[in-house]
Trainee: 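Take this structure, written in structure tokens, and hold onto it; I'll ask about it next.
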Amino acid sequence: MAAALATAISLPSLTTPLMAQNPLLAPQFDTPFGIPPFEQIKPEHYLPALQEGITRQKQEIEAIVNNPATPTFDNTILAMEQSGELLGRVMSIFSTVDEANSTPELEAVAEQVYPLYSQATDEIMMNPKLFMRVKYLYDHRKQMNLSRPQLKAVEETYRNFTRSGALLSPDQQEQLKAINNDLATLYLRYSKNLLNATNAFTLVVDDEAQLSGLPASNVAVAAEEAAARGLEGKWVFTLDGPSRLPLLQYADNRDLRQKMYEGYTSLASSGEYDNRPVIAQIVKQRAAKAKLLGYESFAAYMTEPVMAKNPQNAEDLLMKIWAPAVKKVEEEVSEMQALSDGEGNTFKIAPWDYYYYAEKVRKAKYDLQEDEVRQYFAVDSVVKGVFTLAERNYGVTFTLIPDAPKYHPDVKVYEVKDAKGEHVAVFMNDYYPRASKRQGAWMGELQSAFQDPNGRSQRPIVYNVGNFSKPTADTPSLLTIDDVTTLFHEFGHGLHGMLTRAQLRSQAGTNTDRDFVELPSQITEHWAFAPELVKTYAKSYITGEVIPDDLLAKLQAASTHNQGFIQTELTGAALLDLQWGKVMPEDGQEIDVDAFEASVADVLGLPKEIQFRYRSPYFRHIFGSEGYASGYYTYQWAAVLECDGFELFKEKGVFDPETAASFKRNILEMGGSEDPMEIYVRFRGHEPQVEALLRDRGLLTEPEPDPDLHMQGGK
């Protein structure tokens, strides 16, 4: 199939004008620190550059395979690490722009790029001669005097080959290639449907009285959105988080809240953008892949190589959080119902009431209203906060590069330097929603880091993307409490990528077990409202006043507010994901997505006032790629690590130099170069315990620690 697709595309040679003028094929980018020259790159450049990258990597792999010397780490593993630089560069740039600033032209290119890339990867991972060299190293690894990172690289490379079909027969390998190609196409179709369905939904309001309760800044953004769509004098709300969530949280009009909630929870579930048939095909193909590779389920396949080791360990941890979270939901709903009844209402709290009445309860219990808080958290102020955190704890500074290339005008680019003034990384951020950007927030890399034994090295180009409220003519972009937490979270991922000192690019930064990778991001959230930091950056955009002590005290008191809802949403979604991963349909068996979701909710006893954090048609983490498939549990797994780890910072001080240096050295710089549990224990002094999370979230009710709450799994 790969050969047929490749020959169907007429590719120019390097001697043709198009290839000669293709900026992606330049040996080096003539830009600061090798930032891609985005303004020069056009959609028609990607496919030829991708194909050239595939061709070059094939040649590099053939050179490794045909090397007559006995396999060594350098001539096999390191040589593989150094292969495919052009291909990796093209794919990192394309995927970055495709997710954050897509166009119809890029969507058309994507339909060819991703399958071709998947096929090229399969050809390498199923190359029998290459595998024999890797196997030789694996079989002789204990006699080769390898360093710990090298030993880990050999073992993981061997495992990756076997998990990619190296031990299958040629016929079976062809089956696997076909499955992977189909999955690449299905993931693309799922994501395209989701983006189109999101953009297709609007909630138009033509009576300002219906907007009672909404903050003026959100009303202004809705008016500007309407004007941009030619609807002057009206207000338009979309499914983007900065538009959807404030409406659910503040709008007094219950019908309006219900329309928004139902619009979101039915996203990509009908019509031309219905993702349910796509999900059914994905589940079947994943099951076929797992069966072909000898696993009892796709969930077993996905959890085997990480800390959890199997779905049961992940599920056991989730259930230790689920029961106390659901119990807390009962208390939260009771408080909300009492407040609603006191207002003279006769309805029972429904899912579209949860955000609204949770906010009312917060105001009543803690005298805290989020609209009062937001004036202190303009996006530029919060960015100053994360930069201050990075400088105080890790000794790095950020300097704006105003004329740096960027893929959209909203992007800001910074040079990162260490205390000696030496270059560490490039950091880019992109925080405002637009129709060309997918929902959510994420971290990525345009260039990875490595340090070759011959002295050749490369520092990373890291970016953060978000979807926070746009600034208006009168106000800057003001962040909610959740937005502030999200910005700190993604910056934590960014620190993991920027500060890495791992020698191998396959082990640098966030290239670690995916149930460990959320530790740096989630622990960074704890600094967002730490008094020692927040008072350095949280200033009113109106008066310049630092956030008052009494308001900060209210924020601290309310820190566990609504955690029953939050933890039930997160844990429920993770459990739904694992159940999808266990499905092994028989030939011809129909998959009813809605019925499956309902059955999982019923077995779990999901409170009727709460929906899964993401319903399957818009659960992009698990159906838009394999990145977090049967792995959404990792957020809760890593939450145990971060809560347990931050207790050391609380004990020693959030800016304690020794603790921060240990975290930087053992966690941020190490990446995936050593066993994650070992480096965690090296930092923390003991293995993580689940009760740390329950304490932090206000869910621990037992007077003494429960011995059953220790984390299972690990290595």
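In this text, all values refer to a predicted model and were calculated from it rather than measured experimentally.
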Trainee: Only counting residues at least two apart or in another chain, list the ones meeting side chain to side chain donor-acceptor pair (under 3.5 Å) with Ser269.
Mentor: none

Trainee: Tell me, please, whether Tyr190 has Arg620 positioned over its six-membered ring: NZ or CZ under 6.0 Å from the ring centre and within 45 degrees of its axis?
Mentor: no

Trainee: For the NZ atom on Lys582, are there more than 12 heavy atoms of other groups (residues, nucleotides or ligands in this structure) within a distance under 6.0 Å?
Mentor: yes

Trainee: Is it the case that over 12 heavy atoms from other parts of the model lie below 6.0 angstrom from the CD atom of Glu590?
Mentor: no

Trainee: Is there a side-chain contact between Thr568 and Leu606 in this structure, where contact means two heavy atoms from C-beta onward sitting under 4.5 Å apart?
Mentor: yes

Trainee: Relative to each other, are the rings of Tyr614 and His621 parallel, tilted or perpendicular (30° and 60° limits)?
Mentor: tilted

Trainee: Are Ile279 and Val283 close enough, and set up right, to give a side-chain contact (heavy atoms from CB on, under 4.5 Å), and what steps lead you there?
Mentor: CA-CA 6 Å; Ile279 291 169; Val283 170; 4.1 Å; yes

Trainee: With the threshold set at 4.0 Å, does a side-chain nitrogen-carboxylate oxygen contact exist between Lys327 and Glu330?
Mentor: no

Trainee: Classify the side-chain pair Glu569/Gln611 by whether it contains a donor and acceptor separated by less than 3.5 Å.
Mentor: no

Trainee: Taking the side chain as every heavy atom from C-beta outward, state whether Met336 and Glu609 have any atom pair closer than 4.5 Å.
Mentor: no

Trainee: Can you tell me which residue among Arg254, Gln258, Gln337 is in a side-chain hydrogen bond (donor to acceptor under 3.5 Å, both in side chains) with Asp353?
Mentor: Arg254

Trainee: Less than 4.5 Å apart, any side-chain heavy atom of Arg697 and any of Cys643?
Mentor: yes

Trainee: Atom NZ of Lys650 and atom CG of Asp696: how far apart are they, to the nearest 0.5 Å?
Mentor: 6.0 Å

Trainee: With sequence neighbours excluded, tell me which residues meet salt bridge (charged side-chain N to carboxylate O under 4.0 Å, His left out) with Arg362.
Mentor: Glu359, Glu370

Trainee: Other residues, nucleotides and ligands only: do more than 12 of their heavy atoms fall within 6.0 Å of CD on Glu304?
Mentor: yes

Trainee: Between His496 and Gly509, is there a donor-acceptor pair closer than 3.5 Å when you use the side chain of the first and the backbone of the second?
Mentor: yes

Trainee: Counting the benzene-type ring for Trp, do Trp580 and Phe619 have ring centres under 6.0 Å apart?
Mentor: no

Trainee: Once salt bridge (charged side-chain N to carboxylate O under 4.0 Å, His left out) is applied, do any residues pair with Lys259, and if so which ones, sequence neighbours excluded?
Mentor: none

Trainee: Please check if the side chain of Gln522 supplies one atom and the backbone of Tyr635 the other of a donor-acceptor pair under 3.5 Å.
Mentor: yes

Trainee: Using the ring pair (Phe, Tyr, Trp, His ring centres under 6.0 Å) criterion, which residues pair with Tyr680? Sequence neighbours excluded.
Mentor: none

Trainee: If you measure only the distance, is there a donor-acceptor pair under 3.5 Å linking the side chains of Asp182 and Gln285?
Mentor: yes

Trainee: For the backbone of Ala268 and the side chain of Asn275, can you confirm whether one donor and one acceptor N or O come within less than 3.5 Å of each other?
Mentor: no

Trainee: Glu626 versus Leu183: any side-chain heavy-atom pair under 4.5 Å?
Mentor: yes

Trainee: May I ask you to check if Arg244 and Phe237 form a cation-pi contact, with NZ or CZ under 6.0 angstrom from the six-membered ring centre and within 45° of the axis?
Mentor: no

Trainee: Could I get the full list of side chain to side chain donor-acceptor pair (under 3.5 Å) partners for Tyr431, not counting sequence neighbours?
Mentor: none

Trainee: Working to the nearest 0.5 angstrom, can you tell me the gap between Ile523 CD1 and Leu641 CG?
Mentor: 9.0 Å

Trainee: For Glu647, what residues pass the salt bridge (charged side-chain N to carboxylate O under 4.0 Å, His left out) criterion, not counting sequence neighbours?
Mentor: Arg695

Trainee: Determine whether Arg438 and Leu194 make a side-chain contact, defined as any pair of heavy atoms from C-beta on separated by less than 4.5 Å.
Mentor: no

Trainee: Without swapping roles, check the side chain of Thr634 against the backbone of Trp637 for a donor-acceptor pair under 3.5 Å.
Mentor: no

Trainee: Using 30° and 60° as the class boundaries, would you call the ring planes of Tyr264 and Tyr618 parallel, tilted or perpendicular?
Mentor: tilted

Trainee: Are any side-chain N or O atoms of Lys554 and backbone N or O atoms of Asp367, one a donor and one an acceptor, separated by less than 3.5 Å?
Mentor: yes

Trainee: Looking at Asp602 and Ala598, would you say the former's side chain and the latter's main chain have a donor-acceptor pair under 3.5 Å?
Mentor: no

Trainee: Do Asn218 and Arg374 have side-chain atoms, one donor and one acceptor, less than 3.5 Å apart?
Mentor: yes

Trainee: Mind telling me whether His526 and Phe646 have parallel, tilted or perpendicular rings, with 30° and 60° as the class edges?
Mentor: parallel

Trainee: Does the side chain of Asn345 pick up a donor-acceptor pair with the side chain of Glu343 at under 3.5 Å?
Mentor: yes

Trainee: Please give me the minimum heavy-atom distance between Ala299 and Ser630, naming the atom from each residue.
Mentor: CA-OG, 3.4 Å

